[in-house]
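Let me begin by presenting the structure, written as structure tokens, before commenting on it.
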Amino acid sequence: MGEPRSNPNGEENRHPQPTTPPPPPRPPTQLLQASHKKKAKPTKVFRLVRSVFRSLPIMTPLCKLPPLPGGLPDGRRHSSSCKVTGTLFGCRKGRVSLSIQESPRCQPFLVVELAMQTNVLQKEMSSGMVRIALECEKRAEKEKTKIFEEPLWTMYCNGKKSGYSVKRDPLEEDLGVMELLRMVSMGAGVLPGKSETEGQDAELAYIRAYFERVVGSRDSETLYMLNPEGNNGPDLSIFFIRL
């Protein structure tokens, strides 16, 4: 075989290496900024009733509370006057995330990675009633910290401890999911995954619904999923508690 040819400057002639074009830039999001409006608080009597009800899933995990047909009674719906959009989403064998938005067209003001896999949550939802409690410790230095700003919670699902849930800033993937679901107010389904080799495991399952956000006190807030009138769907409540 012959010697590699050299150019007049003494350098070897080499074939140019193919380069991979950079990925196209992500289109600007159409989601609106959250306004973080101050929500109306329920009355003192209502807070007392809710504080008693809130302890039931933790103190009596075997107690089965009957689901409320058609969502929440009108009396409770008007007591707080605060409705938000909640989305639970995640890959089938990955951890499920919770996103809370003022409306489907707004950026999320809270994203929590729950201590539960998506397929486990789907199994729990099929039972008809799910109570998720997110607890954190109350400390004197936290008096001015809003409960949704806590970084870490101990999570219980239907009275069973499942691990630690973590609050995070919305990732690009989170915003991408919210962008795809921007026109969806309520529903459940599956979004295609990015990996073709993983098949169904790469698919992203989601459930989106309206939730009533009830502020019990500085140390407790609750999200109650609202089912459409006449629809006996799953009964889901999420409790944020500082103990």
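With a 4.5 Å cut-off on side-chain heavy atoms, Met155 and Lys161 do not count as touching. Using a 4.5 Å heavy-atom threshold, the side chains of Asp174 and Phe89 count as touching. The shortest distance between side-chain heavy atoms of Cys82 and Glu212 does not fall below 4.5 Å. Residues Leu134 and Phe239 fail the side-chain proximity criterion, which asks for heavy atoms closer than 4.5 Å. Side-chain contact between Arg208 and Ser185: absent, with no pair of heavy atoms (C-beta onward) separated by less than 4.5 Å. Looking at heavy atoms from C-beta onward, Leu191 lies in side-chain contact with Leu180 at the 4.5 angstrom threshold. At least one side-chain heavy atom of Cys157 sits under 4.5 Å from a side-chain heavy atom of Val130. Counting heavy atoms from C-beta on, the side chains of Met225 and Ser237 never come closer than 4.5 Å.
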Report task. Tell me, with the steps shown, if Gln107 and Gln101 meet side-chain contact (heavy atoms from CB on, under 4.5 Å). Result -> CA-CA 6 Å; Gln107 294 187 14; Gln101 303 162 271; over 6 Å; no

Report task. May I have the step-by-step check of side-chain contact (heavy atoms from CB on, under 4.5 Å) for Met178 and Ser99, ending in yes or no? Result -> CA-CA 9 Å; Met178 299 302 105; Ser99 170; 3.4 Å; yes

Report task. Please assess Glu102 against Val84 for the test side-chain contact (heavy atoms from CB on, under 4.5 Å), listing each intermediate value before the final yes or no. Result -> CA-CA 5 Å; Glu102 290 181 358; Val84 295; 5.6 Å; no

Requested in this report: Test Gln117 against Val120 for side-chain contact (heavy atoms from CB on, under 4.5 Å), laying out the working first.
Outcome: CA-CA 5 Å; Gln117 288 190 328; Val120 176; 4.1 Å; yes

Requested in this report: Decide side chain to side chain donor-acceptor pair (under 3.5 Å) for Thr222 and Arg213; before the verdict, give the C-alpha distance in whole Å, the side-chain angles of both, and the deciding distance to 0.1 Å.
Outcome: CA-CA 6 Å; Thr222 308; Arg213 177 184 175 184; over 6 Å; no

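Side chains of Arg92 and Thr118: a donor-acceptor N/O pair is absent below 3.5 angstrom, by distance only.
Contact record, Ile147 with Asp219: CD1-O, 3.5 Å, taken as the closest heavy-atom pair. Between Leu181 and Pro104, the closest heavy-atom pair is O-CB, 4.5 Å. Nearest heavy-atom pair across Ala209 and Leu226 is CB-O, 4.4 Å. Ala115 approaches Ser165 most closely through the heavy-atom pair N-OG, 3.1 Å.
The structure places CZ of Arg131 at 11.0 Å from CD1 of Ile238, a figure rounded to the nearest 0.5 Å. Atoms CG and CE, on Leu88 and Met125 in that order, are 7.0 Å from each other to the nearest 0.5 Å. If you take OG1 on Thr145 and CZ on Arg139, they are separated by 10.5 Å, rounding to the nearest 0.5 Å. Thr87 contributes atom OG1, which lies 9.5 Å from atom CD1 of Ile207 (distance to the nearest 0.5 angstrom). Separating the NZ atom in Lys83 from the OG atom in Ser103 is a distance of 11.0 Å, to the nearest 0.5 Å. Here the straight-line distance linking atom CG of Asn158 with atom OG of Ser127 works out to 6.0 Å at 0.5 Å rounding.
Residues Leu223 and Leu110 share a single hydrophobic cluster, defined by chaining ILVMFWY side chains whose heavy atoms lie under 4.5 Å apart. No continuous path of ILVMFWY side-chain contacts below 4.5 Å connects Val111 to Met116, so the two sit in separate hydrophobic clusters. Criterion: ILVMFWY side-chain heavy atoms under 4.5 Å apart, direct or through other members. Under it, Val166 and Leu175 are not part of a common hydrophobic cluster.
Between the Asp235 side chain and the Gly128 main chain, no donor and acceptor come within less than 3.5 Å of each other.
Salt-bridge formation is not detected for the pair Glu150/Lys167: no Lys NZ or Arg NE/NH1/NH2 atom is positioned less than 4.0 Å from an Asp or Glu carboxylate oxygen. Looking at Glu179 and Arg182, a side-chain N of the basic residue comes within less than 4.0 Å of a carboxylate O on the acidic one, giving a salt bridge. Ion pair Glu137/Arg242 not flagged as a salt bridge, since none of the NZ, NE, NH1 or NH2 atoms sits closer than 4.0 Å to an Asp/Glu carboxylate oxygen.
Centroid-to-centroid, the aromatic rings of Tyr164 and Trp153 stay 6.0 Å apart or farther. Taking the centre of each ring, Phe148 and Phe240 come in below the 6.0 Å mark.
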